[in-house]
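The block underneath contains the structure these notes are about, expressed in structure tokens.
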Amino acid sequence: MGSLPVRTDSVTTRPRGERSPVRHLLSALIAIVGLVILATGTGAAAQTGQPARVEVSVDATGPSTRVVLTVSRPVPFAVTRSGKRVEIVYSEPVILEPSSGKVDDPILDAWSQEGERTVSLRVGRKFERFETFELRNPSRLIIDLLGRKPSQAESPITGRRSDAPRTIIVIDPGHGGIENGAVGPTGLKEKEVALDLAVRLRRALERSDVSVVLTRDDDRLLSLDERTATANLNRATLFISIHLNSSRRANARGAETYFLSTDASDDDARTVAALENKAYNAAGTVEARGADDNEELELILWDLAQNQYLAESSRLAESVQRELNVLVGTRDRGVRQAPFRVLTGATMPAILVEVGFISNADEEKQLMSSEYRDRIVEAVTRAVRQFLSGRAQLGVQATPSVGGGASQP
Amino acid sequence: MLAVAGSLVGCGSGGDDSALQDTAGAPQAGPADETAVPTVEGGEQPAAAPLELVLVTVYFPSASTDGLQGEHREIFNTSPVERAKQILSDVIAGPEEAESLPALPSGTRLRQVFVMGSGLAYADFSAQLRDGLSGGSDAELMAVYAIVNSLALNIPEISRVAILIEGQPCESLNGHVDLRHPLAPKPSLTSTGEPERII
């Protein structure tokens, strides 16, 4: 984390005009937290001055071909097109891993490293254009190569909607790795039950015409931002985080479904602080716009991402809670709101389901049984179907158009 | 400024807080801590002696229903920061009635409290608040809002609360509740026997 103290200084010592010390502190705090997030995964490279590593992954299964370049630490870059190549030029030397590769795809032929700073994508015959967007934590550049794949060439003629937006549901089994989550009286672990439920839920949902992506499919620790980013990266239609609860209350039992609570005044304060920053920079101090400002703004945008989906998140939560109430059959519980971190940055309806209290001996016992798990999965699946069909009737597109690309003809 | 200049990883590495006195003890009317943050504390001064007592409601998880339950306590009517310390000491000390449960892991200590003129309070706890918490969002929500509600619903000068661990900003105590930003109180979490309902 060698670069952090330097950046911290630049945040806290920059002249801020008439801003109150509180604002100053708050925004410094926000910026610092942002840097902490950003720093996750930067590893030792930044410290030792070694070149950043760039990992390549290619997904050619969709209608567009997606290239994801995951950088070991943020490095400025530019993307250009020249003839049959799309080139990503970094501002400093990088190491591409793997350094080259071939793809069996009419849109992308191959990729390779050219010189110290350039990643070159050799595009295929069917390539038409590209779109890019960035994600953080870890720092990623996503390049969508758009074109006309053979399977799609038929659809304009027949008028079939083979390119209709797919419904993608990202399911997030809570905790994992060193993080056990809640542990029951006889030792049943939240991380294990959540993963098993997620796998079962994937199976059940895929029987409908739904694609399911899990944030983790093994016993692995993920940061909260990574979980949300998986949903955003996949342009998911819905994000469902699966958890099991625990309480000191001996009689605590039953399911609880949450969507994000946002304190409006908080958001207002953050937005105002961000706008002030922008205005202040624009107004005059001629300073190289460091990465700080962008990061600060992006952090704020991330924090506001879920706000526009709250109404839908609430409906999804209600649907799930209703079904789980029927399953548990104890009492009429309503949905709840809490400032859960994993829901914050989601750019789609997002909920966190506490399917039961693992701390309750009776529920722990139930949760051990495969049959009860299936019943939970059935309930959630039914709720998701209800929500999706209600949404379809309202004419909401299944796939949000964030970033574009996925639903191009 | 504040204690954010050290390690920036997660919510503090815990352990050594020998530099700070244990502030979780009896209420101190003296101005000792005011010097810690002269720039943000403003003109805040402890109230003049003799100190009167005021009644406050300290929140703990209910033993029987969802949410928090209030218990009355008397504290000295001193400065906001001193009142905050007294209230958090009461939260740490735990409930007196059988109807309530402890909100915070045993062994949790209060390190510092700052109250800004804007209504933002920073409550800095030892790592035990994070490390001693059992998994599960309920336990986490109860701990966080026992702190936030007890402060913000009793002290008019406090409207939002930021929780720090070992002097550091903390993303989350246990992977659920977002602590990167100050939290406003949730009066709806106060137990009425009815669950919170959203329309």
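Annotation: side-chain hydrogen bond (donor to acceptor under 3.5 Å, both in side chains) contacts of Asp172(A) (sequence neighbours excluded): Thr215(A), Arg227(A), Ser241(A). Remark: Glu364(A) pairs with no residue by the salt bridge (charged side-chain N to carboxylate O under 4.0 Å, His left out) rule, at least two apart or across chains.
In terms of heavy-atom pairs under 4.5 angstrom with chain A, the leader among Ser64(B), Ser159(B), Pro61(B) is Ser64(B).
When heavy atoms are compared at a cutoff of 4.5 Å, Ala139(B) approaches chain A by way of both its backbone and its side chain. The contact between Ser247(A) and chain B is made by backbone and side chain atoms together, counting heavy-atom distances below 4.5 Å.
Arg315(A) has no carboxylate O lying under 4.0 Å from a charged side-chain N of Glu318(A), or vice versa, which leaves the two without a salt bridge. Using a cutoff of 4.0 Å between basic side-chain nitrogens and carboxylate oxygens, Glu363(A) and Arg253(A) are scored as salt-bridged.
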